[in-house]
Amino acid sequence: MEKCTSKKKGVFNASVLANEQIGECFYRLSLAIEGQAAEAFNMTKPGQFAEFELSNASLPSEEKIPNELADKALRQIILRRPFSFSDIEITGNKGKLEVLYCVLGPATLRMKTLSPGDKISIIGPLGNGFSIEREKTLAILVAGGMGVPPLLHLAKELSKSKTKTIAFVGAKSGSQLPCSEIKNVQTLISTDDGSMGFKGFVTAMLKEWLVKEKPDVSKAIIYTCGPEIMMAGVAKIAGEFGIGCQVSLERVMACGTGLCQGCAVKCIDKKTKEAGYKLCCKDGPVFWADEVVF
Amino acid sequence: MEKCTSKKKGVFNASVLANEQIGECFYRLSLAIEGQAAEAFNMTKPGQFAEFELSNASLPSEEKIPNELADKALRQIILRRPFSFSDIEITGNKGKLEVLYCVLGPATLRMKTLSPGDKISIIGPLGNGFSIEREKTLAILVAGGMGVPPLLHLAKELSKSKTKTIAFVGAKSGSQLPCSEIKNVQTLISTDDGSMGFKGFVTAMLKEWLVKEKPDVSKAIIYTCGPEIMMAGVAKIAGEFGIGCQVSLERVMACGTGLCQGCAVKCIDKKTKEAGYKLCCKDGPVFWADEVVF
Amino acid sequence: MNKVDLTIDFAGLKLKSPVFTASGTCGYADELDDFMDIGRLGGFITKSITIEKRDGNPVPRIVETNSGMLNAIGLANVGVEKFIAEKLPLLKNYKTPFFVNIAGKTIDEYIAVAEKLAQFEQIAGFELNISCPNVKKGGITFGTDPQLIHQITSAVKKAGGKKILITKLTPNVTDISITAKAAIEAGTDALSMINTFTAMVIDIETRKPVLANRTGGLSGPAIKPIAVYLVNKVYNEVAKSANVPILGGGGIRSTADAVEFLIAGATAVSIGTASFIYPDTAIKIIDGIEDYCRRHKIERVGDLTGSLK
Amino acid sequence: MNKVDLTIDFAGLKLKSPVFTASGTCGYADELDDFMDIGRLGGFITKSITIEKRDGNPVPRIVETNSGMLNAIGLANVGVEKFIAEKLPLLKNYKTPFFVNIAGKTIDEYIAVAEKLAQFEQIAGFELNISCPNVKKGGITFGTDPQLIHQITSAVKKAGGKKILITKLTPNVTDISITAKAAIEAGTDALSMINTFTAMVIDIETRKPVLANRTGGLSGPAIKPIAVYLVNKVYNEVAKSANVPILGGGGIRSTADAVEFLIAGATAVSIGTASFIYPDTAIKIIDGIEDYCRRHKIERVGDLTGSLK
Ligand SMILES: Cc1cc2nc3c(=O)[nH]c(=O)nc-3n(C[C@H](O)[C@H](O)[C@H](O)COP(=O)(O)OP(=O)(O)OC[C@H]3O[C@@H](n4cnc5c(N)ncnc54)[C@H](O)[C@@H]3O)c2cc1C
Ligand SMILES: Cc1cc2nc3c(=O)[nH]c(=O)nc-3n(C[C@H](O)[C@H](O)[C@H](O)COP(=O)(O)OP(=O)(O)OC[C@H]3O[C@@H](n4cnc5c(N)ncnc54)[C@H](O)[C@@H]3O)c2cc1C
Ligand SMILES: Cc1cc2nc3c(=O)[nH]c(=O)nc-3n(C[C@H](O)[C@H](O)[C@H](O)COP(=O)(O)O)c2cc1C
Ligand SMILES: Cc1cc2nc3c(=O)[nH]c(=O)nc-3n(C[C@H](O)[C@H](O)[C@H](O)COP(=O)(O)O)c2cc1C
Ligand code: FES
Ligand code: FES
């Protein structure tokens with residue numbers, strides 16, 4: 001995969017422009033950066049990420065914490081949290097970063113209380129993003145639930161090229177999606193409960209489409225992000241159809257910067273055929289599906 | 001000392017009405033309480049206190065944390081913090097609590113970021129406050145720096161009785177005081193640097209005044225709150241002149257509710273003359289000066 | 001599922017719930033009573049009682065640390081005679097099994113306290129504090145030496161007559177299963193684990209330890225993952241096969257924390273430092289455990305004990 | 001006061017500053033290099049190197065706890081041969097004394113690694129990891145047994161030729177002064193303390209340990225007060241009189257934390273978990289220590305060591 005790590009990663013301050021709920025599950029955080037930070041994030045590829053320091057933000061007040069997160073909210077966090085971006089816009093020495101996030105635990109509960117003007121520390125850009133393969137004419141995006149955000153960013157980048165893009169987006173139900181379609185992209189939605197679009201898994205919808213539409217697989221590429229089990233399914237389908245596939249994996253990360261070796265991903269060395277660990281934060285989070293041992 | 005512990009102490013929510021800096025050192029936090037909380041705090045005596053849960057509030061952003069507190073700010077706090085009140089107003093089932101505080105460490109840094117509408121948990125009212133001795137006709141308040149707040153509350157209570165009140169207030173410099181006079185009370189200020197009022201320690205000013213004014217000591221009483229060394233000085237003067245004296249002590253408190261035994265105050269048992277420990281949170285924070293071993 | 005059975009069998013005692021308050025963190029019951037119905041507790045453990053009255057250490061006795069605190073109270077207590085005269089009668093007002101935590105400088109002192117208290121019906125049992133790091137003699141030394149543990153445990157068991165004996169272990173040892181085994185072989189009815197870790201905070205401006213006692217015991221959420229590990233280790237290596245229940249604790253603040261200890265192998269849990277922050281923590285956790293069991297279709301809370309997969 | 005002398009004498013080595021990065025928390029230097037000038041460090045300690053390549057444990061290898069984290073990386077490393085071939089040449093680019101942390105399953109494995117590395121000039125010395133709680137054999141067992149410590153320390157010291165040997169102690173022992181003494185008597189040049197505490201986090205929904213390895217090592221601010229106490233204890237009881245420097249660490253995030261360790265008796269400090277949060281922590285602390293010394297009119301940072309009143 002083409003190396004797309006920026007050399008200029010660093011520890012930067014970002015200030016909150018907006019933070020609002022969109023849909024049932026997602027929140028959108030917009031951050032302003034400037035100077036060196038803007039420079040560093042200028043060439044960020046979709047799928048790259050940053051590590052957010054959220055431990056100093058306040059918790060929502062008791063009644064605003066969902067019951068199932070009440071005990072988790074008590075944990076005093078010290079580690080940063082990784083987030084990819086749904087959009088990045090840099091103009092000159094100023095920039096805007098956009099994160100779509102779900103509230104799952106102590107860090108994201110704190111993220112929720114950030115308000116305009118607040119400052120947070122981020123480290124980035126980190127990792128290797130999706131590599132846009134110029135020779136492919138059809139990009140198939142497959143997103144599941146929390147995996148949507150980086151694919152929005154990717155869709156935007158793809159829209160600048162001539163690649164035709166189609167997006168398959170799955171969720172438990174329609175209300176859990178951050179958007180009902182991806183801008184400028186033909187979007188097919190599937191929901192587990194059938195409340196929107198195709199009823200069933202996004203992988204089933206993808207397979208059905210491939211069988212029916214018979215795209216030229218040599219010219220197609222799949223980009224996917226979502227729950228690991230879904231991506232494993234997508235990878236399998238990609239293998240069956242002989243389509244190249246990039247997966248954006250998630251691991252619990254202590255550092256995000258290659259220091260701790262916590263974020264191991266079992267991979268097969270394509271040359272030696274031996275299995276071994278790569279690091280999600282440094283070698284990924286985007287991998288070629290056929291090197292990953294799911 | 002007359003028992004003035006409220007029976008109805010409890011864990012209550014309070015919501016922030018206002019939080020603003022006053023002078024160089026002090027901030028004023030106003031809290032609204034209602035229902036059971038208002039009932040519980042209705043009979044609160046000046047000098048009683050509450051334990052504030054501040055661990056969930058956010059830290060100020062980096063550039064707003066004074067250099068000397070930067071390392072302290074990193075500590076992840078779990079314990080509550082004790083604060084007395086500068087004023088309490090209860091009307092019906094609603095009430096307003098006012099705290100004057102100085103920013104010294106991780107908890108008060110977090111206190112500073114509270115903004116209107118935020119909710120915090122408080123436990124109170126706790127301890128025994130100043131006991132207003134009805135037969136005394138002259139109340140002498142002696143406050144040092146951070147000890148001013150509860151004496152403001154006391155002054156207000158005293159103003160409801162016929163007791164004549166005079167206040168001696170000391171600080172390092174004039175700008176470090178939360179107010180230049182106590183409402184409706186003759187206020188004499190001393191500053192270490194002479195930037196306001198008497199130049200020197202408040203104890204020196206007190207002694208000078210007692211020598212000069214020769215009040216009827218049998219009808220006078222001293223109430224004091226401030227650094228322990230200052231209060232030890234006040235207690236000594238009170239002893240020399242034969243004036244009854246109540247001191248409001250401070251101890252590091254883990255609980256504030258008599259559970260941990262952390263807040264020991266060495267006292268002489270007036271009957272047995274034996275020294276032993278009392279608890280600042282439960283038996284105090286206000287003690288008769290002549291029982292305390294400074 | 002309608003009702004969850006929250007009662008537990010604790011060394012032959014049938015207790016209302018699997019939640020205790022920890023020694024030294026809940027006064028003599030009246031302080032906590034203002035905030036909750038202590039009658040719902042599985043057990044209430046008193047502050048350590050010694051043969052003579054102890055004033056305790058000078059202040060500061062407390063210092064906060066990251067997600068924890070050190071204490072060096074120094075076993076401040078009224079002494080066993082005054083305890084019997086003044087505190088014991090009050091305990092009658094509560095429908096809670098009381099466990100008196102015993103400490104001492106010599107084995108004889110332990111025995112003397114146990115003997116004096118053995119006759120009182122209000123007392124359900126004893127917790128043997130051989131692990132307090134804040135007194136100069138005894139305490140920590142007893143708790144790290146398997147032979148001494150054996151000696152003191154069997155002596156106090158005998159002195160206590162029919163009372164349940166819970167031996168409280170210190171984590172400051174290389175292999176806690178060895179000390180646990182010593183207590184079990186000496187006839188303890190239950191194990192309590194863990195007491196605090198010896199620790200120190202230095203004031204860098206004065207270059208002195210913050211605590212007057214120089215060192216103190218670290219408690220609170222900071223130590224929880226170590227405590228869970230140790231409970232699981234002792235459960236697997238000795239307690240389960242010996243059928244000796246574990247009272248687990250160290251850093252519990254929430255229902256989730258308590259359930260971790262139960263799954264790891266504890267039959268009941270103790271709430272210490274958390275009561276300083278929310279005095280009604282123990283009760284909230286009893287309710288929380290009930291909810292958890294219901295949600296997971298666990299009929300008896302005892303079924304959770306040692307259910308780690 | 002104009003200039004603070006930040007250099008230290010560390011077992012005969014003159015080091016630029018009293019701040020090291022801790023093993024396993026700073027990759028192989030290049031990752032950290034993006035964030036700071038690692039040339040200013042007193043020393044850089046590599047991840048543990050073993051004779052054979054090790055893949056490490058399955059994921060999750062990491063779980064956060066209150067003010068801390070558990071790790072069970074499982075000594076993932078490229079193996080000594082590949083380390084020599086691929087990583088060692090890179091170290092030449094840095095003007096930092098490198099210490100290679102050595103681990104193994106048998107004493108012979110330790111010796112083999114030390115022998116292979118002894119010849120390389122780029123290496124200032126070794127850190128002997130006899131205390132990693134995340135491998136099944138060796139590791140923790142070595143570190144708790146004074147006799148084994150003696151054996152392995154003297155063997156590696158010999159195998160390492162003239163290289164400085166730092167022995168890294170585990171806190172999971174009853175009396176760390178005894179293990180410290182064993183290492184000193186066996187000829188170690190310095191002590192490193194402390195490694196992590198064995199601990200466990202349980203997922204109460206699945207009732208399984210969160211870590212694939214079940215247990216992990218607790219690091220971070222949560223353990224700091226215990227580490228400070230242990231450093232002070234070893235300094236007073238053995239290291240000071242033996243004139244053996246201590247590399248102190250465990251939970252250091254700020255200058256104040258680092259200064260606590262120096263006052264307690266450490267000659268230098270190591271920064272581990274904190275680098276995950278701010279990768280440039282070590283450098284900020286070097287600057288901070290300089291400020292602290294200037295403010296307190298301390299001319300040589302070495303004067304702070306063991307200055308606890
Ligand atoms: C490279 C990368 C990019 C990411 N980008 C995004 C993003 O754009 N938007 C976003 O919302 N999140 C993203 N995440 C996930 C995000 O980092 C976590 O949601 C966050 O760390 C949760 O922190 P917390 O303290 O709130 O919850 P934690 O307590 O850390 O986690 C809460 C619970 O959720 C589980 N959990 C954690 N992450 C996930 C997950 N992804 N899916 C399901 N369960 C999970 C944990 O195992 C735990 O049980 C990304 C993660 C990685 C590695
Ligand atoms: C009964 C009682 C009533 C109180 N009322 C008030 C009040 O009305 N207003 C107010 O501002 N504070 C009051 N305090 C003090 C207040 O509790 C502390 O300032 C607070 O706990 C500091 O918390 P922190 O985390 O910000 O700082 P910490 O880190 O806990 O303390 C910071 C530093 O300040 C020192 N310190 C703590 N308290 C004091 C103090 N009082 N004077 C000087 N140094 C101190 C500590 O030793 C430490 O070095 C009261 C304390 C008690 C016991
Ligand atoms: C302030 C304080 C006082 C304590 N006193 C005693 C005591 O007298 N006897 C005893 O056996 N344990 C004592 N302990 C230890 C607790 O009972 C408990 O074992 C320990 O704090 C760990 O639990 P926690 O983290 O929930 O507090 C004390 C703990 C604290 C914090
Ligand atoms: C992710 C991680 C990996 C570690 N790997 C090693 C290792 O390979 N060898 C070793 O001796 N110590 C290892 N340690 C222990 C650290 O070097 C250090 O002793 C410990 O984390 C305590 O310091 P801290 O609290 O500053 O992190 C590791 C610690 C962490 C957090
Ligand atoms: S998260 Fe630390 S190496 Fe990847
Ligand atoms: S602060 Fe706990 S007893 Fe007073």
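So you know, we letter chains A, B, ... as the sequences are listed, proteins then strands, and number each from 1. Everything quoted here is computed from the prediction, not taken from an experiment. Values below: every heavy atom of this structure, side chains too, minus hydrogens, waters and symmetry copies.
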Check: Does A:Ile78 offer a backbone N or O that forms a donor-acceptor pair with the side chain of D:Glu64 under 3.5 Å?
Finding: yes
Item checked: Top contributor to chain A interface from D:Gly272, D:Ala274, D:Gly24 [non-hydrogen pairs under 4.5 Å] -> D:Gly24
Check: Say you draw a straight line from CG of A:Asp71 to CD1 of D:Ile204; how long is it, rounded to the nearest 0.5 Å?
Finding: 6.5 Å
Item checked: Straight-line distance of D:Phe276 CZ to A:Ile123 CD1, nearest 0.5 Å -> 11.5 Å
Margin query: For chain D, which candidate among A:Gly10, A:Ala254, A:Cys263 shows the most heavy-atom pairs at distances under 4.5 Å?
Written below: A:Ala254
Note to self: Donor-acceptor check, side chain of D:Asp55 to backbone of A:Gly276, threshold 3.5 angstrom: yes or no?
What the structure shows: no
Notebook entry, point to check: What is the distance from atom CD1 of D:Ile73 to atom SG of A:Cys260, rounded to the nearest 0.5 Å?
Noted result: 5.5 Å
Next item on the list: Could you walk me through whether D:Glu31 and A:Thr257 pass the side chain to side chain contact (heavy atoms under 4.5 Å, CB included) test, one step at a time?
Entry: CA-CA 7 Å; D:Glu31 294 88 353; A:Thr257 49; 5.7 Å; no
Item checked: Part of D:Thr65 lying under 4.5 Å from any heavy atom of chain A -> backbone
Checklist line | Residue A:Leu79 versus chain D: region with a heavy atom under 4.5 Å | finding: both
Note to self: Whether the side chain of D:Arg61 engages the backbone of A:Ala264 through a donor-acceptor N/O pair (distance < 3.5 Å, no angle test) should be reported.
What the structure shows: no
Checklist line | Flag, side chain of A:Arg80 to backbone of D:Ile277, donor-acceptor distance under 3.5 Å | finding: yes
Checklist line | Minimum side-chain heavy-atom gap D:Ile62-A:Val252 below 4.5 Å | finding: yes
Item checked: Test salt bridge (Lys or Arg N to Asp or Glu O under 4.0 Å) applied to D:Asp34 and A:Lys9, A:Lys282, A:Lys8, the passing residue -> A:Lys9
Notebook entry, point to check: Which bit of A:Glu53 is near chain D, if near means a heavy-atom gap under 4.5 Å: side chain, backbone, both or neither?
Noted result: side chain
